[in-house]
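Residue numbers start at 1 and run along the sequence shown. All heavy atoms count here, side chains included; hydrogens, waters and symmetry mates do not.
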Amino acid sequence: MSGQNIVTPSADALLASAKAAGAEKSGSLPPVHLWNPPFCGDLDMVIKRDGTWFYQGTPIGRPALVRLFSTILKREGDKFFLVTPVEKVGITVEDVPFVAVDFETKGDALIFETNLGDHVKLNTENPLRVELDKDHAPLPYIHVRAGLEARIDRKSFYRLVDIGVDEAHNGDRWFGVWSDGGFFPIIQSDALR
């Protein structure tokens, strides 16, 4: 196609655009929900199931760089993109982009921390979701922001189970946890018998 500029996405160009857009500022996330730049292609970047970010088959070893990329992550349907005001590139996410590695109780709320330093309150805006894998083992997730989720790691899930209670919920008995005034079901109580 003559006359068309073909842009090959690169992590360096994306990094420069992210920095120019202010994505490095601590404490605030850039407004990726407002950005709708043209799609520039797919980048050879993968977020593995364990939360490790890879670029061109090599783990990204700089936590600050991974954190910066995570602030410009956007989900559209089942696809994930890194976006800046001027470009949008597709990346691969094996499961979900974050891993919840710990939680603490503050007042009546459970506050989860992700592998990239995000802090998320379990509440109606950031609910708990539990699926079952092929062996019927629980796969717990918490919503982080804008359709992006964190898989709750095993040790944190065991801690959740330790504080769980049996409650009536939507006409059935459920085992789950309370946080920020709401009940979040984990598994139907009948399944525990």
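A continuous path of Ile, Leu, Val, Met, Phe, Trp and Tyr side chains, each step under 4.5 Å between heavy atoms, connects V89 with V66, placing both in one hydrophobic cluster. By the rule that hydrophobic residues join a cluster once side-chain heavy atoms approach within less than 4.5 Å of another member, I60 and F54 end up as members of separate clusters. In the hydrophobic clustering of ILVMFWY residues, with side-chain heavy atoms under 4.5 Å counting as a link, F69 and L148 come out together. Linking Ile, Leu, Val, Met, Phe, Trp and Tyr residues whenever their side-chain heavy atoms come within less than 4.5 Å places F184 and V161 in a single cluster. Both I187 and I163 are assigned to one and the same hydrophobic cluster, defined by single-linkage of ILVMFWY side chains at heavy-atom distances under 4.5 Å.
By the salt bridge (Lys or Arg N to Asp or Glu O under 4.0 Å) test, K134 is found to be paired with no residue, residues two or more places apart in sequence or in another chain being considered. Taking the side-chain contact (heavy atoms from CB on, under 4.5 Å) definition, one finds that P63 meets it with nothing, sequence neighbours left out. Applying the side-chain contact (heavy atoms from CB on, under 4.5 Å) criterion to D162, with sequence neighbours excluded, gives no partner residue. Judged as a salt bridge (Lys or Arg N to Asp or Glu O under 4.0 Å), and not counting sequence neighbours, the contacts of K48 are E94. Listed by chain and residue number, I47, F80, I91, P97 satisfy the side-chain contact (heavy atoms from CB on, under 4.5 Å) test with V93 (two or more places apart in sequence, or in another chain). Annotation: salt bridge (Lys or Arg N to Asp or Glu O under 4.0 Å) contacts of R49 (sequence neighbours excluded): D95. Partners of K121 according to the side-chain contact (heavy atoms from CB on, under 4.5 Å) rule, which considers only residues two or more places apart in sequence or in another chain, are A109, I111, N123, D180. Residues passing the salt bridge (Lys or Arg N to Asp or Glu O under 4.0 Å) test with E104 are K106, sequence neighbours excluded.
A salt bridge does not link E149 with R151: none of the charged nitrogens is closer than 4.0 Å to a carboxylate oxygen.
Within 6.0 Å of atom CD in E125, 12 or fewer heavy atoms from other residues, nucleotides or ligands are found, so the atom counts as exposed in its surroundings.
A 4.5 Å side-chain heavy-atom check between W178 and L110 finds every atom pair outside the cut-off. V130 has its side chain out of reach of L139: every pair of non-hydrogen atoms, C-beta onward, lies at least 4.5 Å apart. Using a 4.5 Å heavy-atom cutoff, the side chains of I152 and L128 are in contact. At a threshold of 4.5 Å between non-hydrogen side-chain atoms, the residues S156 and R154 do not count as touching. Put simply, the side chain of R159 reaches to within 4.5 Å of the side chain of D102, judged on heavy atoms. No side-chain heavy atom of I186 sits under 4.5 Å from any side-chain heavy atom of W174.
Within the hydrophobic cluster formed by Ile, Leu, Val, Met, Phe, Trp and Tyr side chains joined at under 4.5 Å, directly or through other members, V99 is accompanied by V101.
Identified under the ring-ring contact (aromatic ring centres under 6.0 Å, His included) test for residues 118-161, with sequence neighbours left out: none. Within the structure, every pair that satisfies the salt bridge (charged side-chain N to carboxylate O under 4.0 Å, His left out) test and touches residues 58-71, not counting sequence neighbours, is listed here: R67-D118. Residue pairs meeting the ring-ring contact (aromatic ring centres under 6.0 Å, His included) criterion with at least one partner in residues 96-116, sequence neighbours excluded, are F103-F112.
At least one donor-acceptor pair under 3.5 Å links the side chain of D133 to the backbone N or O of D135.
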Could you please spell out the steps behind the side chain to side chain contact (heavy atoms under 4.5 Å, CB included) verdict for L73 and V32? CA-CA 8 Å; L73 185 62; V32 296; over 6 Å; no

Let's go through L82 and K74 carefully: what are the C-alpha distance in whole Å and the side-chain angles of both, what is the deciding distance for side chain to side chain contact (heavy atoms under 4.5 Å, CB included) to 0.1 Å, and is it a yes or a no? CA-CA 6 Å; L82 297 178; K74 185 177 185 181; over 6 Å; no

Applying salt bridge (Lys or Arg N to Asp or Glu O under 4.0 Å) to E167 and R173, what does each step give before you reach the verdict? CA-CA 6 Å; E167 293 281 341; R173 298 297 299 180; 5.8 Å; no

Is there a side chain to side chain contact (heavy atoms under 4.5 Å, CB included) between L116 and W53 once you walk through the steps? CA-CA 11 Å; L116 297 178; W53 288 55; 3.9 Å; yes

As a quick check of understanding, evaluate side chain to side chain contact (heavy atoms under 4.5 Å, CB included) for L43 and Y55, giving each step before the final call. CA-CA 8 Å; L43 193 62; Y55 178 61; 3.9 Å; yes

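The heavy-atom pair separating I72 from P30 by the smallest distance is CG2-CG, 4.0 Å. Here the closest heavy-atom approach between residue R75 and residue A146 is recorded as CB-O, 4.4 Å. The shortest heavy-atom contact between S70 and R145 is O-NH2, 2.7 Å. In this structure, A100 and A150 approach most closely via the heavy-atom pair N-CB, 3.7 Å.
Figure legend: K88 and F81 shown as a cation-pi pair, the cationic atom lying under 6.0 angstrom from the six-membered ring centre and within 45 degrees of its axis.
Considering CD1 of I142 and OG1 of T114, their distance stands at 10.5 Å, rounded to 0.5 Å.
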